[in-house]
Amino acid sequence: MVKNNKEQNLEISTATTATVVPALKKRKRRSLSVERKQSFMGYIFCLPFIIGLIALYIPNIIDTVVFSFNDTIILDGGGYRLEWLGLRWYNHSLFVDEKFIQLLWSSIGEMLVQVPTIVVFSLFFASVLNQEFRGRVVARAIFFLPVVLATGIVLRVDNAFDLVAKVPSRDTLNDAIGTVGASGVDITEFLLSMNLGEDITKFLATTANGVYDIVNRSGMQIFILLAAFQEIPNSLYEAAQVEGCSKWETFWKITIPMVSKQIVVVTVYTIIDSFTRNDSALFLYIDEISWNGSPYAYATSMYIIYIVVLAALLGGAAFIASRFMKKSKR
Amino acid sequence: METALKKKKRKRFEWGNLVWALFRTVLIFGICYIILKPFIFKILMSFFGENDLFDLTVKYIPRDWSTHYWEWTWDHLEVDVAGINTLLLAVGSGLIQVFVATFVGYGLARFKFKGDKILFGAVIATLLIPQQVYSIAQYLNFTWFGPTADFSVNLLNSYWAVYLLAFFGLTVKEGLYIYLMREFFKGMPKDLENAAYVDGAGVMGAFFKVMLPNAFTMMITIFLFAFCWQWTDTTFAELYMPQIKTLPTMIFSGRNFQIADQAKIDVFGTGIAQNTAVLIIIAPLVILAVICQRFLVKSISQSGLAN
């Protein structure tokens, strides 16, 4: 490869010094072949993923779709047999199973609220952590913890523990153990003691638990934005200071535009993360259905409906955004 | 003169700054408390003595301190087997993921070829479609992995399932690493490679000698993410390799921690032992996080300076 390129360079340089017309022709042909080589190298670099797509991923998806239209009967000797059902389970999940539709909409609504909240939250805390203050290193390390524990193993242990703690025969112990096991911020008791009224207490308690959720889900985002903030050259801030900008103005006119690319990355990451969280109410419901002996097509059809709805929403949003961008560019 | 100016300036901003500093401190303390609370209670609980379990006045802080649960957990975690399995899986999968993500990310960032946009769309699609949607199909495909049923191997209960998925760029969140790498390489100036080409390097030469050293810090970051993911993974391991013991699955999958030793530990004890085991499992990761956060933030920003 190395040798080849050397030859090319040599040829081009000699060609330019020689007669003009054949040199031009030659260069054109050369550049075409370079282009072809470039595209060939592109395939080489992407090869593992291409093989993965063809050998595993696409078959997986096709099989999943096939399973959703068929009854899968497991044979005694191993293997399985398919029996065509058509849209039966799709009809069932869409028109019979009320809980599924309800959970589908509530999970989408939740997503619409949570994605912007997480992006704004992480933007805010990244800029706070970027400031100079005592104990900054410790605070950063603590904020970094949720990134490391991204699989939710802690949450899973807590859930298992809560189940154990709710064994009826040990009811008297619930107070002693149950509250210890829960990792959400348990401020209900504290608020009740303040006599704020039940509604307000409930609202504050859910907000506090929401904060716990959001903190745990924005670790990676804070980290990406923090790195982006440090890339901004100090000279920009100095110039702004000389011009007499307030801190507020500097934030909006310098910081935000400079990290706009990372904000897009963070938004994409957040959307993906909320797509695939396996502790959402909808997924827990589908899991429950697939483990209690319902036909596999049932669970699969629900998953596929979920993905199609989300893809339509996301595609629509992307389309509108791109139209909007084009217009604003004009 | 200068000091006078400084003084004036400081006076003007003093109140606002003070309020902000106070607000910031409260905020950071609050969030840190929210993050750390489960760990603090887990640590306290792991030192419960047997009497504390039945003492209703004991809520968080044990009265009868003992290392009983630590000993029990350490004995039942089988660190010599499960720990080595987990380490091999996490290191192997992490290394493969880093290199695949770097290669594919570079390919997508720098080369124009037919279907490159579709390929990038596929990367995003692998991220957007949750694993559990196709987990059964994947299970069956792993059971008979090959072009036909006769020429197939069973990948279940082996490291190969993990390694192969990592190699194919299909591990959970690997698409994200490809995406991050692509963004990173897109941010690098093309002149770097052009200079290498002028110096007579081929595509591979330019990639290995010029681009890889620049991407090194980014690669370490991605390795850490991939490592931490595999280290604490339970869903994948439980489904595709139920017979391989890994540290996280030791706690859950009906292994030692479910079959509680009645004489020494009861149902609640099992819960506390699980909590203690989680502490043991995440301890290395927490140490990594503490060591690396400074380096990682710095490294990403340094690599950004190359822009």
Side-chain angles (χ1 to χ4, degrees), chain A residues 1-2 4-6 38-39 41-43 45-46 48-49 51-53 56-57 59-61 63-64 67 128 133 137 139-142 144-146 148-151 153-154 156-157 160-161 164-165 167 176-177 180-181 183 185 211-212 215 226-227 230-231 265 269 272 275-276 278 296 303 307, chain B residues 24 28 31-32 34-38 41 45 56 60 100 103-104 106-107 111-113 116 119 122 126-130 132-134 136-138 141 167-170 183 197 200-205 228-229 232-234 248 267-268 271 274-275 278 282 285 289-290 293-294 297 300-301 304:
Chain A
M1 204 63 76
V2 174
N4 214 346
N5 245 10
K6 236 177 205 165
Q38 284 267 318
S39 88
M41 287 316 287
Y43 288 121
F45 273 102
C46 296
F49 187 66
I51 298 175
L53 273 185
L56 193 63
Y57 198 71
N60 279 345
I61 300 296
D63 284 353
T64 306
F67 288 156
V128 167
F133 59 89
V137 177
R140 276 188 188 175
I142 293 170
F144 193 63
L145 272 182
V148 176
L149 304 171
T151 47
I153 185 178
V154 177
R156 203 177 152 185
V157 163
F161 196 72
V164 171
V167 173
I177 305 293
V180 185
S183 31
V185 188
V211 169
Y212 174 72
V215 168
L226 192 57
Q230 307 213 326
E231 282 174 33
V265 173
Y269 179 83
I272 286 168
F275 254 65
T276 51
N278 45 14
Y296 181 51
Y303 275 133
I307 288 169
Chain B
R24 186 178 57 197
I28 287 177
I31 301 288
C32 286
I34 288 177
I35 296 174
L36 287 182
K37 187 194 166 194
F41 288 152
M45 199 158 48
L56 287 182
Y60 301 125
V100 169
F103 265 78
V104 178
Y106 186 70
F111 299 104
K112 280 214 162 139
F113 51 93
D116 55 347
L119 210 59
T126 59
L127 274 174
L128 285 178
I129 299 176
Q132 58 261 53
V133 171
Y134 54 86
I136 304 277
Q138 184 152 287
N141 278 331
F167 179 73
F168 285 162
L170 298 175
E183 291 298 305
Y197 293 151
V203 176
M204 284 294 178
C228 292
W229 181 274
T232 52
D233 166 72
T234 53
V267 198
F268 292 105
Q274 282 182 333
N275 277 334
V278 160
I282 65 176
L285 301 185
V290 171
Q293 62 84 22
R294 214 170 182 180
V297 172
I300 282 201
S301 61

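All values below come from the heavy atoms of this structure, side chains included, with hydrogens, waters and symmetry mates left out. In the text below, chain A, chain B and the rest are named by the order of the sequence lines, each starting its count at 1.
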Quiz prompt | Heavy-atom proximity to chain B below 4.5 Å, by part of A/Phe67 | solution = side chain

Practice problem: Return the set of residues passing side chain to side chain donor-acceptor pair (under 3.5 Å) with A/Thr64 (not counting sequence neighbours), or none when no residue passes. | Solution: none

Self-check item: Smallest separation among heavy atoms of B/Cys32 and A/Ala139, with atom names
Solution: SG-CA, 4.4 Å

Practice problem: Output the option from B/Leu36, B/Ile136, B/Ile28 having the highest count of non-hydrogen pairs under 4.5 Å with chain A. | Solution: B/Ile136

Practice problem: Using non-hydrogen atoms and a 4.5 Å limit, figure out which bit of B/Leu170 sits close to chain A: side chain, backbone, both or neither. | Solution: side chain

Practice problem: Kindly compute the distance separating OH (A/Tyr212) from CD1 (B/Ile31), expressed to the nearest 0.5 Å. | Solution: 12.5 Å

Quiz item: So which of B/Asp116, B/Val278, B/Asn141 has the biggest tally of heavy-atom pairs under 4.5 Å with chain A?
Solution: B/Asn141

Practice problem: Mind telling me whether A/Tyr43 and B/Phe113 have parallel, tilted or perpendicular rings, with 30° and 60° as the class edges? | Solution: tilted

Quiz item: Is chain A contacted by the side chain of B/Leu285, its backbone, both, or neither, given a heavy-atom distance below 4.5 Å?
Solution: both

Self-check item: Choice from A/Val215, A/Asp63, A/Ile272, A/Val128 maximising heavy atom contacts with chain B below 4.5 Å
Solution: A/Ile272

Quiz item: Just how far is it from atom CG of B/Leu128 to atom CD1 of A/Ile307, taken to the nearest 0.5 Å?
Solution: 9.0 Å

Self-check item: Portion of B/Ile35 that has a non-hydrogen atom of chain A nearer than 4.5 angstrom
Solution: side chain

Quiz item: Hey, what's the ring geometry for B/Phe103 with A/Phe45, parallel, tilted or perpendicular (30° and 60° as the breaks)?
Solution: tilted

Self-check item: Max heavy-atom pair count under 4.5 Å with chain B, selected residue of A/Ile142, A/Ile51, A/Ile61, A/Leu53
Solution: A/Ile142

Quiz item: chain B heavy atoms under 4.5 Å from A/Pro59: which part of the residue, side chain, backbone, both or neither?
Solution: both

Quiz item: Passes ring pair (Phe, Tyr, Trp, His ring centres under 6.0 Å), A/Tyr57 versus B/Tyr134? Steps please.
Solution: CA-CA 9 Å; A/Tyr57 198 71; B/Tyr134 54 86; 5.3 Å; yes

Self-check item: Value rounded to 0.5 Å, distance of OG1 in B/Thr126 from CG in A/Asn60
Solution: 12.0 Å

Self-check item: A/Tyr303 versus B/Gln132, closest heavy-atom pair with distance
Solution: OH-CG, 3.2 Å

Quiz item: Which bit of B/Val133 is near chain A, if near means a heavy-atom gap under 4.5 Å: side chain, backbone, both or neither?
Solution: both

